[in-house]
Amino acid sequence: MSAISTVRTTDPNEAAGFIIRGGVVAFPTETVYGLGASIFNQTAVRKIFEAKGRPSDNPLIAHIGDVGQVELLALELSADAEKLIEHFFPGPLTIVVKKSEAVPAIATAGLDTIGIRMPNSELALAFLRACGTPIVAPSANISGRPSPTTWQAVLEDLDGKIDCILQGEPTDIGLESTVVDCSVEPPLLLRRGAVSIHELRAVVPLIRELASGEAGAEKSPGLRHKHYSPRARVAIRRELPAGFAGRAAFIGMRKPEGVFVETRVANSAEEYAAALFEFFRECDRGGIELIVCEPVPETGIGAALMDRIRRAAEG
Ligand code: TXA
Ligand code: MG
């Protein structure tokens, strides 16, 4: 694919103009930056997969600027789906529901379901409303790389491959949305995120988690693919492995012992989560060979954080 010039702007209306003309635009949300195209423009949706190098069997999430747009996308809503929308939209929750006929197969990788989310960010909502149509958007990174939490990280991966970057602040949460499959009974948590299982069960008590060892791949195609990986090796611990003499970095919540080229100490699990993916990228830029990630208790955002760290350690 030949390089195109990627326009940078802070104006949501200018960014929406590129969508309306059939382009692809990266935009900030409260979780991570997404790479968007109109859900009803199949040529534009195809450009998302090309720019990211994303496998075509991995479905996209539709982003809406107004709760009323759910009915353009969903064939039917269960009572549980309705409750989740009422409590968590706008916010870092994606619900998977049976898709309407209007949604093209390319957006959902041929599945008969679609993920829907309404981001809770002023700039994202202004952009989505200016687009006037639901926007499918995966995270705006090269496939397999950590999701971008700054517009600079988007530029690093996608400059020359996409039409526009809507420049906002670094994202608040820094980890991708919680995904709940509401097309099955009872609903199933497919991906952990800032909305915790505890908060979900306060609204829908029977939500199920994938049991360990249960094949998640058939349920969430994204689980099949490599994710969140920095080039450096990731180790879940607090100190350097015995005998390690290379360039190592540390991220966690207490000051580490030992010699690290880079150290990031967060004051809370929220701050740790918000910093993680950008820290991975910084380490890659600095030629770090080993990233030591301190484990945290798996409550609240800590469960999502440990999920991403484990996947990075496996990648
Ligand atoms: O926070 C987020 O969700 C970000 C921002 C940009 O909104 N988006 C994001 O998209 O993380 P992506 O494509 O990187 O991850 C979407 C995940 C994948 O694991 C995908 O397999 C799953 O959601 N997913 C999407 N549609 C699905 C469906 N119909 N059924 C099951 N899983 C689905
Ligand atoms: Mg992604």
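We count ligands from 1, going down the list as the structure has it; atoms in each ligand are counted the same way.
- Checked against a 3.5 angstrom limit, the closest N/O atoms of T31 and ligand 1 fall inside it.
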Quiz prompt | R264 and E282: CA distance, side-chain angles, deciding distance, salt bridge (charged side-chain N to carboxylate O under 4.0 Å, His left out) verdict | solution = CA-CA 11 Å; R264 178 73 206 258; E282 267 166 49; over 6 Å; no
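- The atoms of ligand 1 that sit less than 4.0 Å from any heavy atom of S139 are 8 (N), 9 (C), 10 (O), 12 (P), 14 (O).
- Side chain of E278 to main chain of A275: no donor-acceptor pair is present (N/O by atom type, distance under 3.5 Å, no hydrogens or angles).
- Within the listing of ligand 1, atoms 5 (C), 6 (C), 7 (O) sit less than 4.0 angstrom from a heavy atom of H63.
- Residue R54 approaches ligand 1 through these ligand atoms, each under 4.0 Å from one of its heavy atoms: 13 (O), 14 (O).
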Under 3.5 Å, side-chain donor or acceptor atoms of residues 72-97 against the rest of the protein: list the pairs with distances, not counting sequence neighbours.
{"unit_1": "S78", "atom_1": "OG", "unit_2": "A81", "atom_2": "N", "d": "3.1"}
{"unit_1": "H87", "atom_1": "ND1", "unit_2": "K83", "atom_2": "O", "d": "3.1"}
{"unit_1": "T94", "atom_1": "OG1", "unit_2": "S177", "atom_2": "OG", "d": "2.8"}

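- Residue contact check: T113 has heavy atoms under 4.0 Å from atoms 28 (C), 29 (N), 30 (N) of ligand 1.
- Looking at R117 against ligand 1, only its side chain comes within 4.0 Å, counting heavy atoms.
- Interface of P138 with ligand 1, defined as ligand atoms under 4.0 Å from a residue heavy atom, comprises 10 (O), 12 (P), 13 (O).
- Judged by a 6.0 Å distance limit and a 45° cone about the ring axis, R21 is positioned over the six-membered ring of F18.
- The nearest N, O or S atom of S139 is closer to the Mg ion (ligand 2) than 2.8 Å.
- When each atom of ligand 1 is checked for a heavy atom of L60 under 4.0 Å away, the hits are 26 (N).
- Assignment of T108 to the shell around ligand 1 is not supported, since no heavy atom sits closer than 4.0 Å.
- Not a single donor-acceptor pair under 3.5 Å links the side chain of Y33 to the backbone N or O of Q167.
- No more than 12 heavy-atom neighbours from other residues, nucleotides or ligands sit within 6.0 angstrom of CD on E169.
- When P59, S177, A137, G34 are checked for heavy-atom proximity to atom 8 (N) of ligand 1, A137 turns out nearest.
- The shortest distance between side-chain heavy atoms of V25 and F127 falls below 4.5 Å.
- Atom numbering of ligand 1 starts at 1 in the shown order; those under 4.0 Å from a heavy atom of L190 are 31 (C), 32 (N).
- Checking side-chain atoms of K47 against main-chain N and O of G22 turns up a donor-acceptor pair under 3.5 Å.
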